[in-house]
Protein chains: 2
Amino acid sequence: MNRPRPTSRDVARLAGVSRTTVSLVLNNVPDVKISPETRQRVLDAARRLNYYPDVSARRLVSGKTHTIALVWHRGPDATYRDAFLPGLLQGITRAARHYGYHLLFRPIDPDDPDEAYVELARGRHTDGLVLSGPRSDDPSLLELYRDGFPLVLHGQLPGTEVPSVDVDNVRGAIQAVHHLLSLGHRRIGMITNAPLAYISSRQRLDGYRQALEAAGLTYDPELVQFGNFDEESGRKAMLSLLDLPTPPTAVFVASDMVAIGALRAILDHGLRVPEDIAIVGFDDIAAARFVSPPLTTIRVPAFGLGWTAGELLIRIIEQDQPEHTQVLLETELIVRRSCGAKEGGGK
Amino acid sequence: MNRPRPTSRDVARLAGVSRTTVSLVLNNVPDVKISPETRQRVLDAARRLNYYPDVSARRLVSGKTHTIALVWHRGPDATYRDAFLPGLLQGITRAARHYGYHLLFRPIDPDDPDEAYVELARGRHTDGLVLSGPRSDDPSLLELYRDGFPLVLHGQLPGTEVPSVDVDNVRGAIQAVHHLLSLGHRRIGMITNAPLAYISSRQRLDGYRQALEAAGLTYDPELVQFGNFDEESGRKAMLSLLDLPTPPTAVFVASDMVAIGALRAILDHGLRVPEDIAIVGFDDIAAARFVSPPLTTIRVPAFGLGWTAGELLIRIIEQDQPEHTQVLLETELIVRRSCGAKEGGGK
DNA sequence: TAATGTAATTAACACGTGTTAGTAACACGT
DNA sequence: ACGTGTTACTAACACGTGTTAATTACATTA
């Protein structure tokens, strides 16, 4: 703060060369001849002055910011909001660092205007955006995409070609239901993670249906209830299922948080898990290990989603045409006690 | 990508004025006379061209980046790493947005050089840094501080004047132990969250001691065991306490994750919680609500820490001398079932 | 009428860097 | 002696903005 920071001009003066030479040396520009002595003099001078190039100037002239941004929509889903953020962030930043990029984190609060992130792109804060939780009614998103601005969605926007990374919800649900089927269950209920307006909710329901039909069972709407992100919604949905003339012997709950509510409802009802009713959840949030009984669930690869989104975005930025721009990542079945399997090893 | 983005020169041309006028209008520079018609012409032109100023150029000339960075050291503490990040990040970004700043997120992995963040400051990526989990043997930190670079620590560096924000670990521990005392316990053990090399660990132990002494009890080293961040360390530590000739009737475990391990040890030993041994944890991680019995604990205000650190940093950046530059935030006792209190209401 | 003041606008410089086109010095072959 | 390369370096421009000092046009005052 006291003395001004050194510029490349200061380095040039100290080394007795031109500013151009300093730039050429410090950036290791290939195919340019600089004598070893001069090169060393420049490096010494830079070190002595503790010189760091000013990134703003560099960005201005190069047109590249070497920064990507994560735009994080805070929706109503607290699980998504809190449980996945650390893994996703770590994945994105790891990818960013690997390619020499920085990460700008930009949450969009419910009271923010939806297109608050546009400024990041238009003002050249960043070379590209990862948009988490895109809304299909967002016009600025498609506008940016049409203008050729590098964009990757975390989530999906059906009917568009916008590059995206998401979990394979359909296959995840199939894994869960298939597991219950393999344990002998034939009357399997489902509680969705959210209302069907949410894509992930539709997809997980679809997987449930596919798994049943592949096993020769008919889909019965009466066995399906709708959750709404939180525990309480799971409790209520489960009570409805328990009220049926013939309740299911197993339930697939497409969200761990909702599943925890369902679990509570079953226990409060005087039934046992998994002996009377088996449960499989979805997400593998941290708490799933700690409820009683520990929850069998479908793990979502948060780190992998982050890494993949980051890498895909950077490859788009650098014009390195990736073959697949819409990626679905596999889930993993984590067997714990709530499903009644002999024991899978999911620690 | 196709056509080049518009510059202020384009706006000036379209509005039929000089570039200077455009700048004056768009930045609402006070005490400068622009006729209303001209002003409107400029605004219209900017809107028609969808003009956004280039931040790199703006930063270069102004010398301000309007960006702060969060440097996140990934230590061995998984709880700290994952459970607090969402709240802390939300707090910092909220503060940043409130003052018109952006946030750069920079994790430092164990394999990164410790001073990898210095480039952020020296290269003018950011106007200031929040350093989470500072190490006292970090020379570049003190160097930056001496050079007057705006810095706020999340955590503490005893013996320095570097501005910092942290939880009041001593008082938090006192709250926990005081609660157990008020329930009638006289033989209270402790398991630390980590080895005593960690400041938070020493402070929580200190609080335990102070609370005992304030109640007229003598500190007994045989009742103190040392945890090491994870469940397993808590299990082992608890087994040692159970092996004592006279085990304690209550335990203060200075980390929820460690406490969950201790809880398991007690139950595995055939004892009941809280009837035989009461437990109070520390941190209030998400899982604390879901274990059986639900864990009474000390809540750490993650959002508040983030907000306070962000606001303090920005006030330092903007030369708005804050009166207190070393802040300790209060914790909150969350009563659940593991302590045996009648019921506090901690949901 | 000339001097003075005020409102509205702009020319010109600065910020610190990357990069292109060019120059000077010198060796080499004919 | 003269062109032809090659090596090692530099002068000058560009990037897009904020801001200071100057300029013009015009009303007001002495």
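This structure is a prediction, so every number in the text was calculated from the model and none was measured. Every chain is numbered from 1 and lettered A, B, ... according to where its sequence line falls, protein lines coming before strand lines.
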Residue-phosphate contact under 4.0 Å: Thr38(A) side-chain N/O, dA8(D) OP1/OP2: no

Between Asp109(B) and Arg97(A), does any NZ, NE, NH1 or NH2 come within less than 4.0 Å of an OD or OE carboxylate oxygen? no

For residues 116-123 of chain B, which side-chain N or O atoms pair as donor and acceptor with protein atoms under 3.5 Å away, sequence neighbours left out?
{"residue": "Tyr117(B)", "atom": "OH", "partner": "Asp138(B)", "partner atom": "OD2", "Å": "2.8"}
{"residue": "Arg122(B)", "atom": "NH1", "partner": "Asp147(B)", "partner atom": "OD2", "Å": "2.9"}
{"residue": "Arg122(B)", "atom": "NH2", "partner": "Asp147(B)", "partner atom": "OD2", "Å": "3.1"}

With sequence neighbours left out, what residues match Ala46(A) under side chain to side chain contact (heavy atoms under 4.5 Å, CB included)? Val11(A), Leu26(A), Tyr51(A)

Which residues share a ring pair (Phe, Tyr, Trp, His ring centres under 6.0 Å) with His125(A), sequence neighbours left out: His102(B)

OP1 or OP2 of dC9(D) versus the side-chain N and O atoms of Ser35(A): is any pair under 4.0 Å? yes

Lys64(A) side chain reached by Asp127(A) side chain, heavy atoms, under 4.5 Å: yes

Applying a 4.0 Å non-hydrogen cut-off, can you work out what Val17(B) is touching in the nucleic acid: base, sugar-phosphate, or nothing? sugar-phosphate

A correct 5'-to-3' footprint of nucleotides 16-25 of chain D, with B, S and - meaning base, sugar-phosphate only and no protein heavy atom under 4.0 Å, is BBBBB-----

What's Ser56(A) touching, base or sugar-phosphate or nothing? Going by heavy atoms closer than 4.0 Å. nothing

Separation of Asp31(A) atom CG from dT19(C) atom P, in whole Å? 13 Å

Sort and list the pairs that fulfil salt bridge (Lys or Arg N to Asp or Glu O under 4.0 Å) and have at least one residue in residues 41-56 of chain A, not counting sequence neighbours. Arg5(A)-Asp54(A), Asp54(A)-Arg124(B)

Dot-bracket encoding of pairs in DNA chain C, which uses [ ] for pseudoknotted crossings and | for another strand, Watson-Crick or G-U under 3.5 angstrom: ||||||||||||||||||||||||||||||

